[in-house]
Amino acid sequence: MSARDTSFRAFGDWIQSHGGSLDASVMDVVTFPGQLGRGAIALKDIPEGYTLFTIPRSLTLSARTSTLPNLLGPIKWRNYELDKGWAGLILCMMWEEAQGASSKWYPYLSELPTEFDTPMFWKADELEELRGTSVVDKIGREEAERDYYKKLLPAIHSRQDIFSTNVIPEFYSLERYHIQGSRILSRSFQVEQWEGEGGDKDENAAADTSAESYSMDVADTSIGSGNGMDVDEDEGPAPAAETHHPEQEGSDDEDEEDTSDVAMVPMADMLNARYGSENAKLFHEATALKMVTTKHIPAGEQIWNTYGDLANSDLLRRYGHVDMLPLPGGGQGNPADVVEIRADLVISVLPVGPVGLTPDASKERIEWWLEEGGDDAFILEDDLDIPEAMVSLIRLLLLNSSEWEKVREKGKPPKPKVDAEVLSLVAQVLRRRLDEYPTSLETDAVLLNQDLPTNKRHAVIVRAGEKSLLHRAIEKVELVKDSQGKKRRVSAGSAEETGQSKKSKR
Ligand SMILES: C[S@@+](CC[C@H](N)C(=O)[O-])C[C@H]1O[C@@H](n2cnc3c(N)ncnc32)[C@H](O)[C@@H]1O
């Protein structure tokens with residue numbers, strides 16, 4: 001049962017009074033029970049390609065539309081590095097909120113959540129439940145707080161005329177900083193400038209919504225298309241996406257990314273998302289963003305945007321929820337789940353010493369691998385294909401000295417070919433990866449049948465999804481190993497029969 005959100009009408013009026021439009025005859029905002037919170041539903045059958053609402057670009061809230069950057073001055077803005085990462089937008093949101101009803105965004109900001117179910121706010125014992133998953137390392141609380149002390153506070157204290165001392169505890173505290181950052185993480189969109197609007201961006205760009213972590217200096221829009229909501233353009237309106245930023249903290253790309261594209265988009269961020277369910281998307285045009293249906297939506301159904309069909313680990317970290325759907329192979333889970341395997345774990349299964357490389361030789365090859373741009377982590381996906389780069393790294397560490405010299409001369413890592421030796425090592429890697437979780441899959445299954453607090457349930461779902469992938473991948477590797485062994489036995493037998501050697505047959 002969902003309850004009608006009574007503030008929706010007033011919110012719609014506010015949007016319309018600022019030049020936007022909203023068709024309240026086809027959609028409504030309701031509050032769903034449980035974690036879904038507010039969301040939009042279709043009041044009648046809505047055809048594909050229908051514009052549900054339009055938000056003028058001037059009503060989006062970003063470092064481009066807030067007046068704060070100009071008040072502080074562009075030089076100071078840059079000197080405090082507020083043009084990098086999300087620090088600038090966070091400060092704009094703090095400042096706009098401090099203006100109360102005189103801020104253009106007051107009706108919007110006062111509707112935004114102040115509490116989140118994301119691991120950023122979890123206690124240590126709850127975080128322990130996520131051990132083995134890649135979530136904990138990516139929360140980035142410390143990095144986020146570094147920005148607060150290094151960028152925001154100095155800027156705030158430099159101008160008492162703008163940031164009045166007596167409102168600092170209420171609007172500019174570390175706690176408010178995390179709240180604004182989490183709002184951006186779970187609700188922002190990547191809204192590229194329109195050509196002629198001040199930059200020369202592609203006219204047919206899509207707005208991405210979902211940020212990695214506000215600790216990070218940049219939003220990686222490559223994940224945006226996969227992990228966030230994209231804002232596209234086409235002959236008609238283009239779909240805009242939420243801006244979800246990717247993980248690689250400290251990557252060079254991040255520094256190059258134009259984070260002034262990150263924007264809060266009123267109303268568009270009211271839509272929930274579920275794996276494979278998208279039926280509406282945000283498109284951008286010259287002066288406005290439009291939420292347009294991408295499918296026919298029957299009356300009574302929820303209007304879903306997409307957050308990029310993320311793995312549960314990412315959903316939990318950014319949005320504080322997980323997706324659980326019936327899986328094709330039985331059971332429930334999220335088909336987008338992945339397992340991250342660090343290169344050092346792969347390296348740890350390779351023999352060293354008398355039966356393998358000396359530690360120095362191993363180090364030399366690993367350094368070469370990284371210098372050549374080799375990955376330091378590999379992603380196992382639902383297709384269970386062993387990541388090619390991981391196989392290539394294993395082969396690199398198995399080469400004899402002359403093969404290694406040739407590879408180095410050519411400047412190309414070995415081809416990702418698998419044989420029995422490689423498969424055994426891959427299986428060992430996967431088993432060691434499983435050992436990194438404190439519990440077994442069986443224990444998790446038992447736990448999930450119990451009544452668990454929300455955070456713990458989410459943690460168990462995330463780690464169980466990853467473990468299930470690992471178990472299935474091990475099974476597949478063992479099967480391939482067996483079938484390779486059988487093939488070899490058959491060809492060895494037929495070689496004997498024909499009197500040919502295996503080598504001459506090839
Ligand atoms: C962009 S907002 C959507 C609007 C939000 N429900 C609200 O009440 O304002 C994203 C947040 O909605 C919730 N949400 C979205 N999709 C969900 C889902 N499939 N299951 C549970 N919660 C979801 C999560 O709390 C998430 O952080």
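Each ligand, and each atom within it, is numbered from 1 in the order the structure gives. Position 1 is the first residue of the sequence, and the numbers go up from there. Keep in mind that this is a model prediction, so the values were computed, not measured.
Between Arg38 and ligand 1, an N or O atom pair is found at a separation short of 3.5 Å. In terms of polar-atom proximity, Leu36 is counted as a contact of ligand 1, with an N or O under 3.5 Å from an N or O of the ligand.
When each atom of ligand 1 is checked for a heavy atom of Ser186 under 4.0 Å away, the hits are 1 (C), 10 (C), 27 (O). Listed by number with element, the atoms of ligand 1 under 4.0 angstrom from any heavy atom of Asp269 are 1 (C), 2 (S), 3 (C), 4 (C). With ligand atoms numbered from 1 in the order given, ligand 1 contributes 1 (C), 3 (C) to contacts under 4.0 Å with heavy atoms of Leu271. Close approach of ligand 1 to Gln35 (heavy-atom distance below 4.0 Å) involves ligand atoms 21 (C), 22 (N). Taking every heavy atom of Ala273 and a limit of under 4.0 angstrom, the matching atoms of ligand 1 come to 15 (C), 16 (N), 17 (C), 18 (C), 19 (N).
Using the six-membered ring where Trp is involved, Phe121 and Phe116 have ring planes that are parallel, under 30° apart on the 30 and 60° scheme.
Under the 4.0 angstrom criterion for non-hydrogen atoms, Tyr307 is in contact with ligand 1. Using 4.0 Å as the threshold, Asp323 has a heavy atom nearer than that to some atom of ligand 1.
Taking all heavy atoms of Glu115, His321, Arg318 into account, the minimum distance to atom 21 (C) of ligand 1 is reached by His321.
A 4.5 Å side-chain heavy-atom check between Leu82 and Leu152 finds at least one atom pair inside the cut-off.
Comment: Asp261 engages Arg64 in a salt bridge, judged by a side-chain N to carboxylate O separation of less than 4.0 angstrom. Between Glu301 and Lys295 there is no salt bridge, since no side-chain nitrogen of the basic residue lies less than 4.0 Å from a carboxylate oxygen of the acidic one. Ion pairing between Arg433 and Glu436 holds under the 4.0 Å rule for side-chain N and carboxylate O.
Under the rule for a side-chain hydrogen bond (donor to acceptor under 3.5 Å, both in side chains), the partners of Asn312 that lie at least two apart in sequence or sit in another chain are Asn334.
Of the residues listed (Lys290, Arg57, Glu192, Gln193), the one engaging His284 in a side-chain hydrogen bond (donor to acceptor under 3.5 Å, both in side chains) is Arg57, and it is the only one.
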